[in-house]
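What follows is a set of notes on a single structure, which appears directly below.
Just so it is clear, the values below take in all heavy atoms, side chains as well, and ignore hydrogens, waters and symmetry mates. So that the names make sense, note that chain A is the first sequence line, chain B the second, and so on, each numbered from 1. Keep in mind it's a predicted model, so treat the numbers as computed, not measured.
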Amino acid sequence: MKNPEKVDVVIVGSGAAGSVYAAVFAEAGKSVLVLEKGTDRKLTDLYSSQIWARRLKWGAPHVFEAGKDSIWYNFNAGNGYGGAAMHHYGVWPRYHPEDLQEYSRFGKGLDWPLEYDQLRPWYDQVQADVGMSGDAEKEIWRPPGAPYPLPPLPVFVHGEVLARGFEALDLRTSPIPVAILSQDYKGRPACIYDSWCDAGCPTGALANPLVEYLPRATAAGAVLQPDSYVTRVLTDRNGNKATGVEYYDKTGERHEQLADAVVVAAFTVENCRILLNSATGNHPGGLGNSSDTLGRYLMSHPAVNIFGMFREETHCYQGVSGGQLFSQDGFDKDKGKEIFGSRQWEIGLGTKPNDLLGIAMSRAELFGNDLHDFVKRGSRHFGAMVGVCECLPHGDNRIELTDSKDRFGMRLARSTFNLDDYARNLWRETADLGVEIFKAAGAIEAWHSPPGGQHIMGGTIMGRDRNTSVTNEYAQLHDVPNVIIGGPSVFPTSSSVNSTFTAHAVALRSARHVADHWGGLLA
Amino acid sequence: MSLSRRNFIRQSGLAVTFTVAGRTLLLTPREAYAREMPFSVLDRAEVETLEAICDHLLPGAGENGVAHFVDHQLPLDPDDSLLFIKWFNVQPPYVDFYRPALAEISRACETVYGKSITDLDPSGAAALIESLRDGNVPGWNGPPPPLVYHALRNDAVDVVYGTMEGFADLGIPYLAHIEPPRAW
């Protein structure tokens with residue numbers, strides 16, 4: 001059925017990017033409807049439990065996987081208001097200038113259609129909006145930008161123990177840059193360091209969409225609508241303009257929501273799936289796919305967790321999930337010996353006994369009483385950090401549609417992802433170095449995880465050339481400019497830094513541009 | 001920080017809903033196990049296999065109600081599921097993973113060891129688990145054995161150590177912002 005009221009903007013997804021678009025457009029006086037596939041989650045629903053935390057993650061529709069490497073979609077994606085940003089750890093470094101000009105500088109990867117200086121003011125604005133803690137001077141690798149609005153988080157025993165290893169190897173550390181409050185900020189309380197970030201932060205100390213941009217959006221009149229499963233972007237007869245979206249409500253009833261502009265911010269895989277499923281006679285390969293680039297250049301950060309046991313008690317259950325200290329020593333990309341890509345360390349991860357990143361899973365081969373003994377020892381003496389590596393964009397790494405369909409008859413997605421030798425070599429070097437750092441810190445035992453995948457990027461990459469990219473620098477589809485894409489799917493390169501801060505900054509820049517040029521959008 | 005095991009147990013809430021003679025009962029998985037409450041999805045043989053293998057994977061998982069926990073989760077929408085298997089990109093519904101996995105474990109015990117899993121001695125159980133973990137169970141015709149190993153092992157870890165009671169047993173503070181409304 002056709003909804004009676006056309007809106008100025010319909011936004012698909014209420015996560016990091018969708019919430020920013022909603023706030024900016026609503027505050028610009030536009031009528032905004034946000035359609036969220038999942039539930040209308042509130043801060044009071046965020047129970048401190050690694051088991052209950054799984055409700056915040058993706059469950060369906062299923063994403064098939066091909067290739068040698070997993071993108072860990074269910075773990076990385078979100079479900080319900082706030083999307084993946086409800087369970088993200090709030091580690092917010094900035095992309096470096098060379099990340100945005102990678103092809104020009106190194107002859108590898110791709111270039112973004114904008115340079116760091118064009119993104120910098122939006123990083124500054126976002127960090128002022130949400131409140132970030134860190135020490136810009138001690139974070140010596142940090143690109144230029146405004147100082148953090150708040151002092152850094154405290155460092156507890158876990159961080160102090162691991163810092164010894166970096167010092168012993170002449171590697172530098174700094175306070176970790178986080179979107180977590182070290183002091184009260186704009187009526188939100190400071191963090192209490194209980195390390196349940198993965199389960200969602202109900203106090204509002206960690207900047208998830210429910211504490212800043214979604215409240216601003218609704219205060220300005222935006223409407224959030226849960227349980228609304230968007231299947232397609234609708235276009236006019238000529239295919240030149242989007243007219244709205246098709247979605248299904250909780251009862252399975254079909255709706256058409258008309259709008260002057262459509263923002264697709266449903267995270268990387270769903271962004272591609274919705275656009276591919278929006279194929280028409282005018283757009284036979286999917287909406288925005290005249291370049292055959294839609295779905296391509298899928299990226300994920302190859303990550304290695306470093307684990308160890310220490311003589312002293314580490315209190316690893318304390319702090320924040322994303323770490324207490326940070327290092328980008330080793331961020332330089334061209335490392336020679338067939339190794340290419342940046343790397344960073346997040347040091348002193350808050351760790352609980354169970355779940356994918358928990359103590360028990362760090363020695364997945366143990367069972368029986370050996371597992372009991374290990375968890376009991378680890379709950380007091382465990383140490384953990386993660387090395388996050390870059391992967392280069394490749395067109396063969398991609399999201400495609402399968403012949404399997406969801407309950408509404410829309411085709412499901414498949415990821416094909418293979419790390420190249422540069423990334424595999426970088427990951428191996430990082431794993432070896434991490435174990436060496438732990439041993440230098442005094443670990444009795446030190447080991448590392450198998451490769452994991454953090455963050456998911458690409459698929460609707462931005463670029464200057466409409467023949468080799470999906471969107472322009474403002475994340476508008478080249479083919480249909482009143483469709484705007486939100487989230488890390490527009491990133492042409494991955495860097496090794498966590499993607500959420502940049503997803504916010506890019507969305508804020510794009511939203512302001514579109515709002516300021518609204519007449520041109522509708523022309 | 002002082003911990004009170006009694007408080008943890010009292011506050012850990014209730015887990016699984018049962019209707020008995022017109023009354024609604026809310027029980028933790030451990031209580032449901034102790035009271036032999038009925039199952040909604042798994043049959044008796046599947047329950048016995050699940051409890052037995054999980055007890056070998058992490059002793060105590062059975063009495064901590066691992067079978068009731070899994071049984072309670074299986075009918076849920078995958079978005080709402082609290083099962084660890086969610087991480088492994090297994091296509092829902094998850095009962096289509098558990099059911100053949102449990103059947104194959106049971107069959108492997110009978111064919112390789114000539115015993116049911118409930119009668120398997122510790123060394124036989126350890127050999128079976130190692131073959132699951134390493135992916136070399138003879139004649140296996142179910143979900144990938146290592147995936148089964150990880151899923152069931154972590155179900156066991158969840159009910160033993162992922163709860164407020166589990167933290168108390170480890171002697172570490174739970175530090176809840178908001179306590180989970182049920183035992184997990």
Between [X] and chain B, with a heavy-atom cut-off of 4.5 Å, which part of the residue counts as in contact: side chain, backbone, both or neither?
| X | value |
| --- | --- |
| A:Trp58 | backbone |
| A:Asn79 | side chain |
| A:Leu43 | backbone |
| A:Lys37 | side chain |

**OP:** Could you tell me which of B:Val157, B:Asn89, B:Val90 has the largest number of non-hydrogen atom pairs under 4.5 Å with chain A?
**Re:** B:Asn89
**OP:** Check whether B:Leu76 gets within reach of chain A through its side chain, its backbone, both or neither, counting any heavy atom under 4.5 Å.
**Re:** neither
Original post:
Heavy-atom distance under 4.5 Å to chain A: side chain of B:Ala126, backbone, both or neither?
Top reply: both
Subject >> Distance-only side-chain donor-acceptor flag, B:Trp87 / A:Asp355, under 3.5 Å >> reply: yes
**OP:** Starting from the C-alpha separation in whole Å, work towards a yes-or-no answer on side chain to side chain contact (heavy atoms under 4.5 Å, CB included) for A:Phe75 and B:Lys86.
**Re:** CA-CA 8 Å; A:Phe75 187 74; B:Lys86 193 170 181 176; over 6 Å; no
Mind checking the [atom1]-[atom2] spacing from [X] to [Y]? Nearest 0.5 Å is all I need.
| X | Y | atom1 | atom2 | answer |
| --- | --- | --- | --- | --- |
| B:Phe84 | A:Arg54 | CZ | CZ | 6.5 Å |
| B:Glu179 | A:Tyr47 | CD | OH | 12.0 Å |
| A:Arg55 | B:Asp79 | CZ | CG | 11.5 Å |
| A:Asp194 | B:His177 | CG | NE2 | 3.5 Å |
| A:Leu356 | B:His150 | CG | NE2 | 10.0 Å |
| B:Leu57 | A:Leu366 | CG | CG | 11.5 Å |

Subject >> Distance flag, aromatic centroids of A:Trp196 and B:Tyr174, threshold under 6.0 Å >> reply: yes
**OP:** Mark yes or no for whether A:Ser49, through its side chain, and B:Pro180, through its backbone, hold a donor-acceptor pair below 3.5 Å.
**Re:** no
**OP:** Check whether more than 12 heavy atoms from other residues, nucleotides or ligands sit under 6.0 Å from atom CG of B:Asp121, and answer yes or no.
**Re:** yes
**OP:** Sort out for me which of A:Arg380, A:Lys376, A:Glu365 touches chain B most, counting heavy-atom pairs under 4.5 Å.
**Re:** A:Glu365
**OP:** Tell me, out of A:Asp45, A:Asn74, A:Ile192, who's got the most heavy-atom pairs with chain B below 4.5 Å.
**Re:** A:Asn74
**OP:** Compare every heavy atom of B:Leu58 with every heavy atom of A:Gly368, then report the nearest pair and how far apart it is.
**Re:** O-CD1, 4.0 Å
Original post:
Where do A:Gly59 and B:Tyr94 come nearest, in terms of heavy atoms and distance?
Top reply: O-OH, 4.5 Å
